[in-house]
Peer 1: 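Just dropping this structure here.
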Amino acid sequence: MSIPILEHDPAPTALIEPTRAIQPRDVPEHCVICFFREVIDKVVADHRTRLVATQRWEDGDHPVYETTHLDRRLAFFHPGVGAPLAAGLLEEVIALGCRKFIACGGCGVLEHGIAVGAPIIVTSAVRDEGVSYHYLPPGREVIADETAIIALANTLDRRGTPYRRGKTWTTDAPYRETAAKIARRKDEGCIAVEMECAALTAVARFRNVAFGQLLYGGDDLSGADHDARAGQSREQARERLFWLCADACLAL
């Protein structure tokens, strides 16, 4: 291949294999991947938690916590920002022993009617990033885990929370979301844009673990101009999203 990212190698092991570098521990099977630092800090402050592991990367420590929710063990951690770091941390938490994951994060919306804080269950992700090509053969998108979609939908239905199901656009370059690219993604059915979902889904599929993602509507990229919607509060939406994901994760 003339393009390196298309040179997919299906070999099941790599020179640096997470299970060789990381010893499994007594960790919960279920784990919430939370992109909201302030929510993680609040959960740690307000609930009985314990530190089960600390993953050290060049940018610093990435702690993995455990709490009790609905009388069951639940792990949670912040995956950093961007597909490479998020995928690497997911690899390490899988090596620790977690097996069922729900991620909660924000996104830009590509449909004007999606309000700030509105939940979106990801059904598939357009692979406009690099990480997923190292885990799956080249392809335009990756389909979400149906069991995770059902768990999320059942949880939101039970809580009486309106939501959308839809495709997201995962990109490595938020400052290169041009008008032409946005139009193309909208034409193929994307209602959201973010930076990690395709990569996390690919890692989970490669490692044969369950993974789903719930996003909430943030800034609006559906029109001619970018609308940051900065004056609209998202604090409650972010914390609520965490606990919805916790419920759904334990349902896997």
Side-chain angles (χ1 to χ4, degrees), residues 32-36 38-39 79 81-83 86 102-129 140-146 148-201 211-249:
V32 172
I33 303 170
C34 179
F35 283 88
F36 312 136
E38 80 285 358
V39 172
V81 175
I102 295 289
C104 58
C107 67
V109 300
L110 302 182
E111 188 176 297
H112 183 64
I114 300 176
V116 169
I120 299 170
I121 298 174
V122 175
T123 56
S124 63
V126 172
R127 298 167 61 187
D128 195 13
E129 39 64 64
R140 188 157 191 86
E141 62 186 73
V142 58
I143 305 300
D145 184 336
E146 185 64 24
I149 294 173
I150 292 170
L152 283 164
N154 288 344
T155 297
L156 271 65
D157 287 339
R158 188 171 61 252
R159 293 290 193 91
T161 302
Y163 61 90
R164 293 286 303 275
R165 301 186 193 210
K167 183 186 301 187
T168 186
W169 166 26
T170 304
T171 175
D172 285 333
Y175 291 118
R176 290 299 300 153
E177 295 167 4
T178 64
K181 285 184 178 180
I182 291 170
R184 193 176 305 137
R185 299 297 178 261
K186 289 168 68 174
D187 286 346
E188 64 182 300
C190 292
I191 63 173
V193 56
E194 39 65 51
M195 297 177 63
E196 300 90 7
C197 187
L200 294 173
T201 305
F211 173 81
Q213 184 150 5
L214 186 64
L215 301 168
Y216 82 94
D219 53 330
D220 188 348
L221 292 90
S222 64
D225 296 309
H226 174 225
D227 182 0
R229 304 199 283 194
Q232 301 183 49
S233 174
R234 306 175 194 186
E235 181 178 349
Q236 289 185 339
R238 290 155 75 97
E239 185 176 0
R240 187 161 184 262
L241 208 71
F242 176 89
W243 293 113
L244 287 169
C245 287
D247 288 358
C249 189

Peer 1: Any chance you could measure Arg164, atom CZ, to Ile114, atom CD1, to the nearest 0.5 Å?
Peer 2: 5.0 Å
Peer 1: Looking only at heavy atoms, what is the nearest atom pair of Asp172 and Ala83, with distance?
Peer 2: OD1-CB, 4.0 Å
Peer 1: Kindly say whether the aromatic ring centers of Tyr163 and Tyr216 come within a distance under 6.0 Å.
Peer 2: no
Peer 1: Closer than 4.0 angstrom, basic N to acidic O: yes or no for Arg140 and Glu188?
Peer 2: yes
Peer 1: Work out which heavy atom in Ile120 is nearest to a heavy atom in Ala192; give both atom names and the distance.
Peer 2: CD1-CB, 4.2 Å
Peer 1: Under a 4.5 Å cut-off applied to non-hydrogen side-chain atoms, are Pro119 and Leu215 in contact?
Peer 2: no
Peer 1: Do Gln213 and Ile121 come within less than 4.5 Å of each other through their side chains, counting heavy atoms only?
Peer 2: no
Peer 1: Go through His226 and Asp220 one step at a time and tell me if the side-chain hydrogen bond (donor to acceptor under 3.5 Å, both in side chains) criterion holds.
Peer 2: CA-CA 6 Å; His226 174 225; Asp220 188 348; over 6 Å; no
Peer 1: Mind listing the closest non-hydrogen atom pair of Thr123 and Ile149 along with its distance?
Peer 2: CA-CD1, 3.9 Å
Peer 1: Taking everything shown except His112 itself, do over 12 heavy atoms lie less than 6.0 Å from its NE2?
Peer 2: no
Peer 1: About how many Å separate CG of Leu221 and NZ of Lys181, when rounded to the nearest 0.5 Å?
Peer 2: 13.5 Å
Peer 1: Could you tell me the separation between the CH2 atom of Trp243 and the SG atom of Cys249, rounded to the nearest 0.5 Å?
Peer 2: 12.0 Å
Peer 1: Rounded to the nearest 0.5 Å, how far does CG of Asp128 lie from CE of Met195?
Peer 2: 11.5 Å
Peer 1: Kindly say whether Val39 contributes a backbone atom to a donor-acceptor pair with the side chain of Arg238 at under 3.5 angstrom?
Peer 2: no
Peer 1: Just checking, any donor-acceptor pair under 3.5 angstrom between side chains of Ser222 and Glu111?
Peer 2: no
Peer 1: Just by distance, do the side chain of Thr155 and the backbone of Leu244 share a donor-acceptor pair under 3.5 Å?
Peer 2: no
Peer 1: Checking side-chain polar atoms at under 3.5 Å, does Glu194 have a donor or acceptor matched by the opposite partner on Thr168?
Peer 2: yes
Peer 1: Side chains of Ile191 and Lys167, heavy atoms from C-beta outward: is any pair under 4.5 Å?
Peer 2: no
Peer 1: Compare every heavy atom of Gly218 with every heavy atom of Arg229, then report the nearest pair and how far apart it is.
Peer 2: NH2-O, 2.6 Å
Peer 1: What heavy-atom pair brings Phe35 and Leu200 nearest, and what distance separates the two atoms?
Peer 2: CZ-CD1, 4.2 Å
Peer 1: For Thr161 and Arg240, which I'm curious about, is there any donor-acceptor pair between the side chains at under 3.5 Å?
Peer 2: yes
Peer 1: Could you grab the distance from atom CG of Leu156 to atom SG of Cys245, nearest 0.5 Å is fine?
Peer 2: 8.5 Å
Peer 1: Please name the pair of heavy atoms, one in Glu196 and one in Ala86, separated by the smallest distance, quoted to 0.1 Å.
Peer 2: CG-CB, 4.0 Å
Peer 1: Give the C-alpha distance, both sets of side-chain angles, the deciding distance and a yes or no for side-chain contact (heavy atoms from CB on, under 4.5 Å) between Cys107 and Val193.
Peer 2: CA-CA 6 Å; Cys107 67; Val193 56; 5.9 Å; no
Peer 1: Please lay out, stage by stage, how Thr170 and Glu129 fare under the test side-chain hydrogen bond (donor to acceptor under 3.5 Å, both in side chains).
Peer 2: CA-CA 6 Å; Thr170 304; Glu129 39 64 64; over 6 Å; no
Peer 1: Apply side-chain contact (heavy atoms from CB on, under 4.5 Å) to the pair Ile182 and Arg184, showing each step before the final yes or no.
Peer 2: CA-CA 5 Å; Ile182 291 170; Arg184 193 176 305 137; over 6 Å; no
Peer 1: Counting C-beta onward and ignoring hydrogens, is there a side-chain heavy-atom pair between Arg176 and Thr178 closer than 4.5 Å?
Peer 2: yes
Peer 1: Starting at CD1 of Ile33, measure out to CG of Leu214 and round the result to the nearest 0.5 Å.
Peer 2: 13.0 Å
Peer 1: Tell me, with the steps shown, if Asp219 and Val109 meet side-chain contact (heavy atoms from CB on, under 4.5 Å).
Peer 2: CA-CA 6 Å; Asp219 53 330; Val109 300; over 6 Å; no
Peer 1: Does the side-chain contact (heavy atoms from CB on, under 4.5 Å) test come out yes or no for Phe211 and Ile102, once each step is laid out?
Peer 2: CA-CA 6 Å; Phe211 173 81; Ile102 295 289; over 6 Å; no
Peer 1: Got Cys104 and Val32 here, is their nearest side-chain heavy-atom distance under 4.5 Å?
Peer 2: yes
